[in-house]
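What you see is a predicted model; the values in this text were computed from it and never measured.
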Protein chains: 2
Amino acid sequence: MNPLTPREAARRRLLDTLRREGPMARVEIGQQLGMSPASVSELTASLVDEGILVTEETGESAGLIRGRPKVRLYFADTLGSVIGVWTGFNRIELRLVDSAGRNRASRHIEHPLRNLEAEELMDVLAEAIAAFARDTNAPNLKAVGLACQGYVDTRDGIVAWSPVLGARDLPLASGLNRRLGKPVLIENDASAMAFAIAQRHSELRSGRTACLMVGDGVGLGFLIQGELYRGARFGGSEFGHVRLRRSGPQCRCGGRGCIEAFLADYALHRDAQLIDHRPAPTVLIPGEDAMDAIVAQARAGHPALANLFREAGEVLGDAVGILIQTLEPDHIVICGPGTRAMDLLRPSFEAALESQTIPELRALATIQVVESSMDLLTEGVVMQALRELDLDLARLRAA
Amino acid sequence: MNPLTPREAARRRLLDTLRREGPMARVEIGQQLGMSPASVSELTASLVDEGILVTEETGESAGLIRGRPKVRLYFADTLGSVIGVWTGFNRIELRLVDSAGRNRASRHIEHPLRNLEAEELMDVLAEAIAAFARDTNAPNLKAVGLACQGYVDTRDGIVAWSPVLGARDLPLASGLNRRLGKPVLIENDASAMAFAIAQRHSELRSGRTACLMVGDGVGLGFLIQGELYRGARFGGSEFGHVRLRRSGPQCRCGGRGCIEAFLADYALHRDAQLIDHRPAPTVLIPGEDAMDAIVAQARAGHPALANLFREAGEVLGDAVGILIQTLEPDHIVICGPGTRAMDLLRPSFEAALESQTIPELRALATIQVVESSMDLLTEGVVMQALRELDLDLARLRAA
DNA sequence: CTTATTTGTTCATCTAGCGAATAAAACACC
DNA sequence: GGTGTTTTATTCGCTAGATGAACAAATAAG
């Protein structure tokens with residue numbers, strides 16, 4: 001979090017690339033990062049010294065090209081492990097990775113989390129994480145990263161507000177830390193998603209990327225040059241609670257006409273139920289099956305349902321329009337489970353977008369839809385935990 | 001525009017502080033910027049060498065304190081001058097400053113600019129600037145900075161779209177450059193305003209500051225750590241054209257329900273005319289007097305007019321809410337002529353803001369209203385031109 | 001006149017990065 | 001098999017930029 005020394009910044013860039021791209025030879029690293037071979041050599045020497053990087057042992061030749069064979073560097077996978085967690089409304093997603101970032105195990109648990117008391121919630125989470133660590137025999141667990149919905153203060157480890165929680169200002173990181181005895185990093189889930197997606201698409205790591213995640217809610221992760229934009233306190237914003245229609249449907253935040261109230265799964269599901277004249281839905285968060293059924297009906301031509309998606313598309317278009325006019329991003333990514341109905345949303349989405357932005361402005365941003373599973377959330381938060389650890393390791397050694 | 005070398009960055013920080021704070025001794029500069037006296041000495045030596053800075057000649061003692069007296073450094077005012085320009089709809093505002101940033105002369109011209117042909121517009125502007133330069137005998141004119149409404153591509157000197165212009169993609173900087181033979185820097189007016197205001201309020205230069213300018217239109221300048229946020233292409237955004245009410249009043253961009261269509265002077269004036277059952281207004285841009293009259297009537301209790309301002313305040317609240325939920329700024333500044341009616345806007349403004357943001361989020365940003373004359377626009381753009389020149393000078397010498 | 005105090009400069013040192021020379025490890029070719 | 005060629009990696013000396021510490025300068029207080 002503190003400003004990085006030039007050395008630390010270079011170190012981070014190097015390790016970031018290596019994590020993303022896998023084993024690389026020193027020359028390749030130099031080319032990719034625009035550093036001289038001398039600098040790479042110097043930097044990697046200390047990283048190998050510290051045991052963070054390992055040199056490829058295989059004497060295997062490069063094959064067709066002549067010349068001295070490349071010696072590739074890769075992450076040591078024996079320095080410990082990290083657990084990544086995502087918490088939904090009634091689901092906990094877990095992932096164990098080793099220090100090289102490789103997936104070692106994953107699990108998900110169905111467990112209602114909504115409106116638990118603060119202490120109870122943390123007990124449940126801590127127990128789930130501890131059990132996962134026990135069962136997977138997590139070798140030398142170094143840290144836990146947790147992605148969740150809501151306004152998350154990453155620096156202080158506090159969740160100021162979340163649709164999952166009754167409580168406000170929950171000191172989640174310290175609470176879990178006390179229970180688990182490990183450092184805990186928390187992050188807004190849309191931010192974690194944005195980060196993970198940008199790791200996989202190089203073009204998203206340059207310029208400004210706004211990543212709109214549509215699913216249980218609507219979140220926004222914003223990246224500048226591949227780094228998460230941090231506002232005054234929180235990271236990703238609960239962009240879904242921007243109010244777009246003054247007298248729109250009810251939102252779970254208590255307001256009316258929020259973006260979420262049109263686009264989120266719970267909203268679509270609720271409205272679909274109402275259309276069918278069924279009683280008000282008891283399931284607050286519909287399952288994937290229920291959503292698929294609604295989408296299928298709409299695709300088949302059910303007029304009222306199709307209209308629901310038309311309206312949702314329009315709101316999505318307005319939302320993206322606001323993003324374009326405010327942040328002027330180079331890239332806009334629409335991701336999350338909500339993209340399953342993108343074909344239904346698209347016509348009204350595009351019309352709404354076009355009607356409120358001038359072409360010159362719209363042309364600046366590439367808009368892409370990225371299918372992204374909830375896996376990416378744990379991946380994103382685990383990546384961030386790992387790179388914090390990279391830094392800590394160096395700082396510990398320096399002290 | 002290119003990335004700065006560490007040296008250039010330090011140089012810029014030093015010169016920025018000196019321009020803002022006036023003459024300073026080397027120790028003071030060191031304290032303010034967190035640099036060692038050694039570094040300051042080294043850096044200032046070359047700046048004095050280059051003739052950019054001058055050391056105070058007065059042998060006058062510091063007075064009460066004993067010790068070696070401070071020798072203060074200040075900008076040379078003989079290195080040339082810069083003209084700053086703002087173009088409104090029917091007004092051109094001009095300002096001449098010397099190389100030290102001190103105001104030497106200013107003038108404004110009433111001249112209808114709206115919907116002129118591109119060449120004609122540039123002729124008019126160039127002639128106004130040239131005449132001003134002639135009349136003020138501008139000593140060694142080094143550059144011209146111009147602030148205008150619209151989507152301004154500062155790097156390429158192009159105005160992609162502007163409410164003033166019929167034409168799109170007007171190469172304004174190069175056009176004026178050809179006519180005047182001087183480098184021309186163009187900038188969005190809300191950005192220039194944001195920059196100028198931040199120069200005067202130190203707290204706005206740390207963290208993120210969103211500056212909403214309400215006047216002829218509604219613009220947004222966004223600063224991160226005192227530097228203008230640059231989007232993919234344009235600087236400040238025409239935030240006024242974010243659509244907030246789908247079936248709202250007509251906006252001059254062609255759309256309906258844009259923020260501007262409620263808040264801008266032209267919109268309030270037009271709607272006030274309609275209320276009075278007068279014929280559709282012929283003056284597109286009302287003068288200050290006309291606006292004052294409307295505000296006075298509303299203050300006096302004219303119900304329909306008061307309602308106009310109530311609605312405008314609500315839209316302003318929604319707009320600030322969007323800014324808070326998207327950018328999460330540390331500071332929000334509302335400025336421009338539109339603040340004249342802030343007392344009328346405030347009740348509905350605050351209600352709207354509160355209804356759509358959670359208190360934790362709202363508490364992050366200080367919201368302040370800054371009375372700001374249009375002078376500040378030319379000041380802002382002149383400042384930016386001067387600091388570009390600081391760099392150019394060094395780069396020229398280096399080459 | 002001496003001393004204390006504050007300001008500004010000089011100098012040796014440190015970090016970070018780089019170009020150039022050099023070493024190392026393979027293949028290609030005679 | 002020896003010799004050159006090619007590619008990779010390391011070493012070394014140099015430079016930019018910043019700094020702490022010693023030092024020089026200029027004043028007020030006593």
Angle separating the five-pair end axes of the helix from C:dC1-D:dG30 to C:dC30-D:dG1, nearest 10°, is 30°
Between [N] atom [atom2] and [X] atom [atom1], what is the distance in whole Å?
| X | N | atom1 | atom2 | answer |
| --- | --- | --- | --- | --- |
| A:R7 | D:dA16 | CZ | C1' | 17 Å |
| B:E56 | C:dT7 | CD | P | 14 Å |
| A:L73 | D:dT8 | CG | C1' | 12 Å |
| A:E8 | C:dT15 | CD | P | 14 Å |
| A:M24 | D:dA9 | CE | C1' | 15 Å |
| B:K70 | C:dT7 | NZ | P | 4 Å |
| B:L43 | C:dT10 | CG | C1' | 16 Å |
| B:R72 | C:dG8 | CZ | P | 11 Å |

Under the side-chain contact (heavy atoms from CB on, under 4.5 Å) rule, collect the residues that match up with [X], sequence neighbours excluded.
| X | answer |
| --- | --- |
| A:A105 | A:L96, A:F132, A:T136 |
| A:P23 | A:R72, A:Y74 |
| B:V27 | B:A25 |

Tabulate protein N/O versus nucleotide N/O from nucleotides 23-25 of chain D, keeping only pairs under 3.5 Å, one per line.
none

Residue set satisfying side-chain hydrogen bond (donor to acceptor under 3.5 Å, both in side chains) with A:R13, at least two apart, ordered chain then number -> none
Only counting residues at least two apart or in another chain, list the ones meeting side-chain hydrogen bond (donor to acceptor under 3.5 Å, both in side chains) with B:E328. none
Using a 4.0 Å heavy-atom cut-off, does B:V40 contact any base of the nucleic acid, only the sugar-phosphate backbone, or nothing at all? nothing
Side-chain donor/acceptor pairs under 3.5 Å, residues 76-83 of chain B, sequence neighbours excluded:
from	atom 1	to	atom 2	distance (Å)
B:D77	OD2	B:R102	NH2	3.2
B:S81	OG	B:P139	O	2.9

Hey, what do you get for CG (A:N188) to CZ (A:F195), rounding to the nearest 0.5 Å? 14.0 Å
Distance-only donor-acceptor hits, side chain of residues 31-42 of chain A, under 3.5 Å, sequence neighbours excluded:
from	atom 1	to	atom 2	distance (Å)
A:S36	OG	A:S39	N	3.2
A:S36	OG	A:S39	OG	2.9

Mind jotting down which residue pairs meet the salt bridge (Lys or Arg N to Asp or Glu O under 4.0 Å) criterion with at least one end in residues 32-41 of chain A? Sequence neighbours excluded, please. none
Under 4.0 Å between a side-chain N/O of B:S41 and OP1 or OP2 of C:dT9, yes or no? yes
Does a side-chain N-to-carboxylate-O contact under 4.0 Å join A:K142 and A:E388? no
Positions of residues 25-38 of chain A (non-hydrogen atom under 4.0 Å from DNA chain D), listed by number: A:A25, A:R26, A:V27, A:P37, A:A38
Could you name each residue pair satisfying side chain to side chain donor-acceptor pair (under 3.5 Å) that touches residues 201-210 of chain A, not counting sequence neighbours? A:R208-A:D330
